[in-house]
S.K.: 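Just passing along the structure, written as structure tokens.
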Amino acid sequence: MKQSEFDVIVVGSGITGGWAAKEFCEKGFNTLVIERGRNVEHRGPEYTDMLAPWQIENRDLIPESFSEEGRYPHILGKGYLRNSTKQFFTDEKEHPISYPEDKPFMWVRGYQLGGRSLTWGRQVLRWSKKDFESNAKDGHGVPWPIGYDDLAPWYDYVESFIGVSANKDGLDAVPDGVFQKPWEMSAPEKHIASNLAKHYDDRRLIVGRAANLTEPTQEQLELGRGPCQARSYCKKGCSFGGYFSSLSATLPAAKRTGKLTLVTDSIVATVDYDEQSGKASGVTVIDAHTKEKRSYKARVVFLCASALGSIQILLNSKSKSFPNGIANSSGTVGRYIMDHYTGVIADGEVPGFEDKYNYGRRPIATYIPNYRHEQHPGTDFIRGYGYQATATQRKNTGTTAKRVGIGAEVKAQARQPAPWRFLALMYGEMLPYYDNVASLHPTKTDQWGIPLLHIDATIKENERKQIRQATKDIKEMLEIGGCTDINLRVVPETEHIKIGDRIHEMGGACMGDDPNTSVLNKWAQAHDVQNLFVTDGACMSSCATQNPSLTYMAITARSANYAAKLLESGEL
Amino acid sequence: MKDLKITRRVFLGGLGASAIVVTAPVLASVVNADTGIQQVTKAGQFFTANELTVLVDVAEIMIPRTDTPGATDVHVMPVLDAMMLTWAGDSTKSQFKALVQQIEQLAKNSFEQEYIQLDQASRNLLISELDKRAFANTKTDLSENYREFKELVFHIYYTSEEANPDYKVIPGGYRGDITKLELIEINKRGYL
Ligand SMILES: Cc1cc2nc3c(=O)[nH]c(=O)nc-3n(C[C@H](O)[C@H](O)[C@H](O)COP(=O)(O)OP(=O)(O)OC[C@H]3O[C@@H](n4cnc5c(N)ncnc54)[C@H](O)[C@@H]3O)c2cc1C
């Protein structure tokens, strides 16, 4: 076995791994980033963003052979999986997971350098004070060991670096931060926002907060990033560096320090534990191609392999002291799996804007933040939901291929501007349930011999109640907003909602003060193994309603800063 | 316009077995002066010349040239022909081949003529009728083949450069509250 030594090993190069790498490299530590996927060059041949729609192979349709061969079984047909983006999504057929037959689970991954930072939706919302207090307040899950105030300076720090275009809305539910110029709302969105503000004290429609640059700072320009061009091609990669990704921002920042070593195509199978020192000694990887094993040593290990990726590594890292997986003396590694979920989708026409049009493609939607942290009279559930919503584009009546009709008239009709429509998707807070659990499959393994993750997770009665109320609420809000022809698509009461579908999977190595009930302390440092940190979504003790990646980044930067101090002081 | 003799039976079945004799293309591309049909003379990567002749014509009937380009102008069929190798699965491949045969058979059953011998009005009528039936009775092979083909023709047409003269690969910014006049001005300028 070959061995190499570093100050810090960071597992994963996605949103959180990129941050850990940047922080440690900038502080002068020799840092090894280990990525299981292939190398991807920023502005390299895999980016398809400079192609016009008519230049994209197969006019952006996914080859039909994919469905014939059962590839991408869960995400085939999703809007984000196109011919021009498919290289950045992992084929679940090649990388299977396991779940109970009646409770399918989705794990949308991006096994490549940069991870899902290449394909994410870039909606960046701070969590509120109340979000961090919820577990303690209602007794679900593990009480958070940190609060909003602990993270606030780190939110500032992260936002300043990544660049967030947003409006200062002055709302407690999504605190304001360090923002660049916001995106404009469309005329109908402004109308709905103003109607809601007139009618409700607690409900607002705000323009989304995007990790897309509108006023790049000197630091961002120096990293080769420029303003977003409103193409909405983000999932194809961005040659302008207009949106935040590991490839456009954190990894270049880490590289320029000269302290970064990057290995790709190397799957971390285990964190290795040294029984004598009681610390992690490093990691063992399996070469993705040759399947050869090798080990790397370091003083500190940061797991940033995404929530489920890190859980898989923890559970697979068995030793005499940790027969059920490293840092698992509490037995809670893999427990409290959460995701947001969509129980209702509503859309409606917004009349009165026949003479209003849009130009360009705004790279972010609008948002209705959670207004139900407290129970309202007449409701019998806890916690709440927000809505991702949008009316960015005025469409044409469009093609009629799916309807009867051909010829000149139909063609002329297709070019007519259609009425504006507004769309809203509920994003509900799923409670942290102890029995929503990810474990290692007892017999099935992947092609590298690593046990498959078996994920058994579902929403329960509290979430069903949320859906019922969210359906009433959104109908009312669309009416008050001024919409007509309102359609509601509600998930039937008995239908399983695939957890993971919102791609905000969290939990599994929750933070908490009590080592008996949680895996990580307030620094996202393992209670059991002091030089092991898990700073991706696994560390989240509740899931709130906001898109979580900004919070992962803030936690990662904060933890890296803390670990750096311990390294400097010689404690680690 | 000729009487339409398309029967229910024609649309509901019995078309599977009839084979089309494919003749090798020997002539350069010509437009038949009588029928207006554009006779394709060179086989594509997937479709034969005869198949292309029929499908090019059907696509043009679906999306004819008007004050804006038609399906032929934007090369819908050459694009689709290439996509048959890079995109289409086995079932689509056989569906589109079968569709040509089915259209040929329809022409014979309805007009007692080869499709390519029909005049423009008859071809328009035949395909319009096929379009209606394909949505009224969705379960037949013919309906399914036709609808799938129509979807591709529309998709390729509406993602073409010619069908999107104002599309900007790099808009440079977003405005969500502008009038038509303002939009026209911006599009004319080419930037915000
Ligand atoms: C379509 C889409 C839209 C989204 N929209 C939003 C949004 O608007 N806002 C938001 O906040 N979030 C959004 N997300 C979620 C967001 O992408 C994730 O929360 C975020 O990327 C998580 O960061 P991470 O570093 O934990 O994981 P990732 O970015 O997934 O990176 C993990 C990395 O670890 C690597 N890895 C995994 N296992 C191993 C191993 N064993 N060894 C070595 N390397 C390993 C992976 O290959 C990957 O590169 C979206 C995601 C998608 C796909």
Side-chain angles (χ1 to χ4, degrees), chain A residues 49-69 83 183-190 214 227-233 240 353 355-363 391-394 398-408 410-412 414-415 417, chain B residues 58 61-68 70 74 79 82-83 86-93 124 127-128 130-136 147 150-164 166-184 186-187 192:
Chain A
D49 63 316
M50 296 314 273
L51 299 175
W54 44 89
Q55 294 169 324
I56 299 170
E57 194 190 19
N58 297 329
R59 292 293 167 93
D60 222 8
L61 298 179
I62 293 277
E64 292 193 318
S65 58
F66 280 39
S67 125
E68 289 172 351
E69 292 161 12
N83 207 43
W183 294 89
E184 188 193 15
M185 275 191 174
S186 68
E189 288 168 344
K190 287 179 195 168
T214 50
C228 169
Q229 300 297 314
R231 301 179 299 165
S232 217
Y233 287 173
F240 295 94
F353 296 91
D355 188 39
K356 290 294 185 181
Y357 292 80
N358 73 283
Y359 170 83
R361 298 178 292 279
R362 195 179 69 202
T392 52
Q393 304 269 343
R394 181 164 186 189
T399 68
T400 48
K402 285 188 196 300
R403 296 197 297 271
V404 70
I406 51 172
V410 163
K411 186 182 169 209
R415 282 193 293 156
Chain B
V58 173
I61 291 172
M62 288 176 172
I63 307 178
R65 181 190 293 171
T66 54
D67 58 331
T68 58
V74 315
V79 171
M83 280 173 60
T86 55
W87 162 79
D90 290 343
S91 116
T92 299
K93 283 181 183 155
N124 285 351
I127 301 305
S128 305
L130 176 53
D131 188 72
K132 280 183 209 140
R133 308 266 180 118
F135 287 89
R147 280 185 284 113
K150 179 178 176 181
E151 245 181 71
L152 261 294
V153 168
F154 274 58
H155 179 75
I156 294 170
Y157 180 82
Y158 284 105
T159 52
S160 71
E161 186 169 10
E162 295 86 343
N164 296 283
D166 291 329
Y167 187 88
K168 300 278 180 298
V169 175
I170 305 177
Y174 172 82
R175 293 281 181 280
D177 190 358
I178 53 177
T179 63
K180 186 161 198 168
L181 274 180
E182 287 171 309
L183 178 62
I184 290 169
I186 298 171
N187 279 334
L192 266 179

S.K.: Atom CE of B/M62 and atom CG of B/D131: how far apart are they, to the nearest 0.5 Å?
M.R.: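 Rounded to the nearest 0.5 Å, the CE-CG separation comes out at 6.5 Å.
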S.K.: Need one label for B/D90: side chain, backbone, both or neither, based on atoms under 4.5 Å from any heavy atom in chain A.
M.R.: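 Both backbone and side chain.
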S.K.: Please report the closest heavy-atom contact between A/A408 and B/P64, naming both atoms and the distance.
M.R.: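 Looking at all heavy atoms of both residues, the closest pair is N-CG, 3.5 Å.
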S.K.: What option among A/F240, A/F66, A/Y233 has the most heavy-atom pairs under 4.5 Å with chain B?
M.R.: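 Between A/F240, A/F66, A/Y233, the count favours A/Y233.
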S.K.: For each of B/I127, B/T159, B/I61, tally heavy-atom pairs with chain A at distances under 4.5 Å, and name the one with the top tally.
M.R.: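 Top count of heavy-atom pairs under 4.5 Å with chain A: B/T159.
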S.K.: Is chain A contacted by the side chain of B/V79, its backbone, both, or neither, given a heavy-atom distance below 4.5 Å?
M.R.: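 Answer is side chain: those atoms of B/V79 sit under 4.5 Å from chain A.
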S.K.: Among B/D177, B/D166, B/L192, find the residue that satisfies the side-chain contact (heavy atoms from CB on, under 4.5 Å) test when tested with A/Y359.
M.R.: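 Only one option passes, and that is B/L192.
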S.K.: Quick one: of A/I56, A/L51, A/T392, A/L61, who has the most non-hydrogen atom pairs under 4.5 Å with chain B?
M.R.: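 Top count of heavy-atom pairs under 4.5 Å with chain B: A/L61.
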S.K.: Could you check whether B/K180 pairs with A/D355 (Lys NZ or Arg NE/NH1/NH2 to Asp/Glu carboxylate O, under 4.0 Å)?
M.R.: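 No salt bridge links B/K180 with A/D355.
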S.K.: Hey, could you give me the NE2/CG distance between B/H155 and A/D60, rounded to the nearest 0.5 Å?
M.R.: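 So the NE2 of B/H155 and the CG of A/D60 are separated by 7.0 Å.
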S.K.: Answer with side chain, backbone, both or neither: which region of A/E69 has an atom nearer than 4.5 Å to a non-hydrogen atom of chain B?
M.R.: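 Neither part.
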S.K.: Does any backbone or side-chain atom of B/L183 lie under 4.5 Å from a heavy atom of chain A? Answer side chain, backbone, both or neither.
M.R.: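 For B/L183, the side chain is the part near chain A, not the backbone.
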S.K.: Is B/I156 in contact with chain A via its backbone, its side chain, both, or neither, using a 4.5 Å heavy-atom distance?
M.R.: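 For B/I156, backbone and side chain are both near chain A.
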S.K.: Compare every heavy atom of A/E64 with every heavy atom of B/G89, then report the nearest pair and how far apart it is.
M.R.: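 Looks like N-OE1, 2.8 Å.
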S.K.: When only pairs under 4.5 Å are counted, which of B/R65, B/E151, B/R147 shares the most heavy-atom pairs with chain A?
M.R.: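 Heavy-atom pair counts peak at B/E151.
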S.K.: If you count heavy-atom pairs under 4.5 Å between each of B/K168, B/M83, B/K150 and chain A, which one has the most?
M.R.: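 Looking at each of B/K168, B/M83, B/K150 in turn, B/K150 comes out on top.
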S.K.: Can you list the steps and then say if A/E184 with A/K190 is a salt bridge (Lys or Arg N to Asp or Glu O under 4.0 Å)?
M.R.: CA-CA 9 Å; A/E184 188 193 15; A/K190 287 179 195 168; 3.3 Å; yes
S.K.: Using the side chain to side chain donor-acceptor pair (under 3.5 Å) criterion, which residues pair with B/T179? Sequence neighbours excluded.
M.R.: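 Partners of B/T179 by the side chain to side chain donor-acceptor pair (under 3.5 Å) criterion, ordered by chain and then number, come out as B/E182.
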S.K.: Between B/I178, B/V169, B/T66, which has the largest tally of heavy atom pairs under 4.5 Å with chain A?
M.R.: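 Heavy-atom pairs under 4.5 Å are most numerous for B/I178.
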S.K.: Heavy-atom pairs under 4.5 Å with chain B - which of A/P188, A/S65, A/P417, A/G405 has more of them than the others?
M.R.: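 Heavy-atom pairs under 4.5 Å are most numerous for A/G405.
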S.K.: Side chain to side chain contact (heavy atoms under 4.5 Å, CB included) between A/K411 and B/Y158: does it pass, once the steps are laid out?
M.R.: CA-CA 10 Å; A/K411 186 182 169 209; B/Y158 284 105; 4.0 Å; yes
S.K.: At a heavy-atom separation under 4.5 Å, does B/Y174 approach chain A through its side chain, its backbone, both, or neither?
M.R.: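 Backbone plus side chain of B/Y174, per the 4.5 Å heavy-atom cut-off to chain A.
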